[in-house]
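As a basis for the values below, the full set of heavy atoms in this structure was taken, side chains included, without hydrogen atoms, waters or symmetry mates.
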Amino acid sequence: MSELVPGELAPGTGVDAAALPLVHEPLPTEDLIIGTPTSATHALATIGEVEVGLWEMTPGTASDTEVDEVFVVLTGRARIEFVDPPLPAIEVGPGSVVRLAEGQRTAWTVTETLRKVYIA
């Protein structure tokens with residue numbers, strides 16, 4: 001068994017992913033578009049080279065450059081605009097499953113604090 005990183009789940013344990021307290025930090029100024037949203041990340045497990053964790057963003061709009069990732073929205077709502085390459089925008093909410101690709105440029109408009117489980 002591999003050594004756990006602080007904050008990761010031990011095998012045979014569980015948490016309420018929607019209620020787990022997260023520590024928020026301001027987003028980089030250069031990523032802000034509207035408002036002053038904050039975000040938080042909490043790694044839950046590393047399986048091989050894949051990380052599973054929680055990510056949360058408060059209301060506002062910010063740009064991002066994505067990593068290869070699949071995520072499931074637990075709570076909240078947002079609109080994700082795909083800037084580069086240009087693709088149709090999508091609306092996400094609880095239960096939405098989304099695939100992002102390394103290097104995609106996006107703009108996230110969060111209307112209700114969004115929490116997702118990511119696999120990257």
Can you measure from OG1 (Thr61) to CH2 (Trp108) and round to the nearest 0.5 angstrom? 12.0 Å
Can you tell me how far apart CD (Glu51) and OH (Tyr118) are? Round to the nearest 0.5 Å. 3.5 Å
Val52-Leu22 co-clustered via ILVMFWY side chain contacts under 4.5 Å: yes
For the atom pair OG1 (Thr65) and CZ (Arg105), what is the distance rounded to the nearest 0.5 Å? 3.5 Å
Apply side-chain contact (heavy atoms from CB on, under 4.5 Å) to the pair Leu20 and His42, showing each step before the final yes or no. CA-CA 9 Å; Leu20 187 71; His42 182 94; 3.7 Å; yes
Which atom pairs, donor and acceptor, lie under 3.5 Å between side-chain atoms of residues 82-97 and protein residues at least two apart or in another chain?
{"from": "Glu91", "atom 1": "OE2", "to": "Arg79", "atom 2": "NH1", "distance (Å)": "2.8"}
{"from": "Ser96", "atom 1": "OG", "to": "Gly93", "atom 2": "N", "distance (Å)": "3.0"}
{"from": "Ser96", "atom 1": "OG", "to": "Gly93", "atom 2": "O", "distance (Å)": "3.0"}

In one Ile/Leu/Val/Met/Phe/Trp/Tyr side-chain cluster, 4.5 Å: Val70, Val73: no
First locate atom CD of Glu81, then atom OG1 of Thr109, and finally report the distance between them rounded to the nearest 0.5 Å. 5.5 Å
At their closest point, which heavy atom of Arg99 faces which heavy atom of Asp68, and how far apart are they? NH1-OD1, 3.9 Å
Decide whether Leu44 and Leu74 are clustered together by the hydrophobic rule: side chain heavy atoms of Ile, Leu, Val, Met, Phe, Trp, Tyr closer than 4.5 Å, transitively. yes
Without hydrogens or angle criteria, can the side chains of Glu66 and Thr106 be said to hold a donor-acceptor pair below 3.5 Å? yes
Yes or no on side-chain contact (heavy atoms from CB on, under 4.5 Å) for Leu114 and Thr75, after CA distance, side-chain angles and deciding distance? CA-CA 6 Å; Leu114 185 90; Thr75 60; over 6 Å; no
Yes or no on side-chain contact (heavy atoms from CB on, under 4.5 Å) for Leu54 and Lys116, after CA distance, side-chain angles and deciding distance? CA-CA 6 Å; Leu54 298 174; Lys116 66 181 184 176; over 6 Å; no
Just verifying a value: how many Å separate Leu100 CG and Phe71 CZ, rounded to the nearest 0.5 Å? 5.0 Å
What side-chain donor-acceptor pairs closer than 3.5 Å can you find for residues 28-41, not counting sequence neighbours?
{"from": "Thr38", "atom 1": "OG1", "to": "His24", "atom 2": "ND1", "distance (Å)": "2.8"}
{"from": "Thr38", "atom 1": "OG1", "to": "Thr58", "atom 2": "OG1", "distance (Å)": "3.3"}

